[in-house]
Student: 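Dropping the structure in here first, questions after.
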Amino acid sequence: MKTNAIRTNRKTLNKSVRKKAIVSEISLTFDQYEKIPCSDITSARICNILKVRLSKGYIEKLRNNKLTKYKNWYQKIKLKHLHSPS
């Protein structure tokens with residue numbers, strides 16, 4: 001059965017995001033941040049969702065807890081997922 005769903009390549013930035021200037025840092029809410037370290041979403045997909053063009057490696061730094069701004073949140077998320085029923 002054929003669907004008429006719009007297909008997009010999730011490995012590349014959307015055209016509207018590519019046109020934006022590269023940002024070296026962003027401010028995330030806890031809910032936004034919580035989804036990044038624990039997911040397997042590509043960096044490009046995250047940028048498309050947030051509608052921001054980030055400098056290379058920023059998402060990886062978030063995932064690897066290399067940004068001091070989010071260190072406390074990282075610990076909360078790890079504890080939350082460690083104690084959550086699977």
Side-chain angles (χ1 to χ4, degrees):
M1 189 164 131
K2 197 173 188 179
T3 62
N4 291 331
I6 297 171
R7 292 179 169 230
T8 59
N9 185 351
R10 300 295 184 208
K11 295 180 182 175
T12 60
L13 293 174
N14 289 344
K15 189 176 182 181
S16 61
V17 175
R18 280 193 308 260
K19 288 181 179 179
K20 295 184 179 209
I22 295 174
V23 179
S24 60
E25 191 174 325
I26 58 172
S27 293
L28 298 169
T29 64
F30 183 78
D31 291 334
Q32 290 171 326
Y33 176 77
E34 184 177 20
K35 293 175 182 146
I36 294 172
C38 301
S39 70
D40 59 348
I41 301 173
T42 64
S43 299
R45 180 70 180 132
I46 292 168
C47 290
N48 289 338
I49 292 168
L50 297 174
K51 298 186 183 342
V52 66
R53 187 172 174 198
L54 294 167
S55 60
K56 202 169 195 163
Y58 188 82
I59 300 296
E60 284 307 310
K61 288 178 185 175
L62 274 175
R63 285 188 174 137
N64 296 325
N65 195 23
K66 302 281 186 206
L67 300 173
T68 55
K69 184 176 181 180
Y70 298 106
K71 284 207 183 273
N72 292 338
W73 285 1
Y74 187 85
Q75 297 303 323
K76 287 180 187 178
I77 291 169
K78 289 298 176 186
L79 285 172
K80 182 177 177 181
H81 287 280
L82 184 67
H83 297 298
S84 67
S86 298

Student: Is there a side-chain contact between Ile59 and Ile36 (heavy atoms, below 4.5 Å)?
Tutor: yes

Student: Would a distance-only check, ignoring hydrogens and angles, find a side-chain to backbone donor-acceptor pair under 3.5 Å from Lys51 to Val17?
Tutor: no

Student: Do Ile41 and Leu28 belong together in a cluster built from hydrophobic side chains that touch within less than 4.5 Å?
Tutor: yes

Student: Working to the nearest 0.5 angstrom, can you tell me the gap between Arg53 CZ and Ser16 OG?
Tutor: 11.5 Å

Student: Do Tyr74 and Pro37 touch side chain to side chain, with heavy atoms closer than 4.5 Å?
Tutor: yes

Student: Give, for atom CD1 of Ile46 and atom OG of Ser39, the distance between the pair rounded to the nearest 0.5 Å.
Tutor: 5.0 Å

Student: Is it possible for you to say whether Val23 and Leu62 belong to one hydrophobic cluster, with membership spreading through side-chain heavy-atom contacts below 4.5 Å?
Tutor: yes

Student: Identify whether Leu67 and Phe30 are in the same connected component of the hydrophobic contact network (ILVMFWY, side-chain heavy atoms under 4.5 Å).
Tutor: yes

Student: Going through the checks in order, is the side-chain contact (heavy atoms from CB on, under 4.5 Å) test met by Ile26 and Leu50?
Tutor: CA-CA 10 Å; Ile26 58 172; Leu50 297 174; 3.9 Å; yes

Student: Between Asn48 (side chain only) and Asn14 (backbone N and O only), is there a donor and an acceptor less than 3.5 Å apart?
Tutor: yes

Student: Can you list everything that forms a salt bridge (Lys or Arg N to Asp or Glu O under 4.0 Å) with Lys69? Sequence neighbours excluded, please.
Tutor: Glu25

Student: From Lys15 NZ over to Arg18 CZ, what is the distance, rounded to the nearest 0.5 angstrom?
Tutor: 7.5 Å

Student: Does the plane of the ring in Tyr33 sit parallel, tilted or perpendicular to the ring in Trp73? Use 30° and 60° as the thresholds.
Tutor: tilted

Student: Could you tell me if the side chain of Lys71 sits less than 4.5 Å from the side chain of Asn65, heavy atoms only?
Tutor: yes

Student: Listed by chain and number, what are the salt bridge (Lys or Arg N to Asp or Glu O under 4.0 Å) partners of Arg63, not counting sequence neighbours?
Tutor: Glu60

Student: Considering non-hydrogen atoms only, spot the tightest contact between Ala44 and Leu13 and give its length.
Tutor: O-CD2, 3.8 Å

Student: Which residue pairs pass the salt bridge (Lys or Arg N to Asp or Glu O under 4.0 Å) test with at least one member in residues 29-38, sequence neighbours excluded?
Tutor: Glu34-Lys80

Student: Before you tell me yes or no, could you show the steps for Lys20 and Val52 under side-chain contact (heavy atoms from CB on, under 4.5 Å), namely the whole-Å CA-CA distance, both residues' side-chain angles and the distance that decides it to 0.1 Å?
Tutor: CA-CA 7 Å; Lys20 295 184 179 209; Val52 66; 5.8 Å; no

Student: Can you find a pair of side-chain heavy atoms, one from Thr42 and one from Arg45, that are under 4.5 Å apart?
Tutor: yes

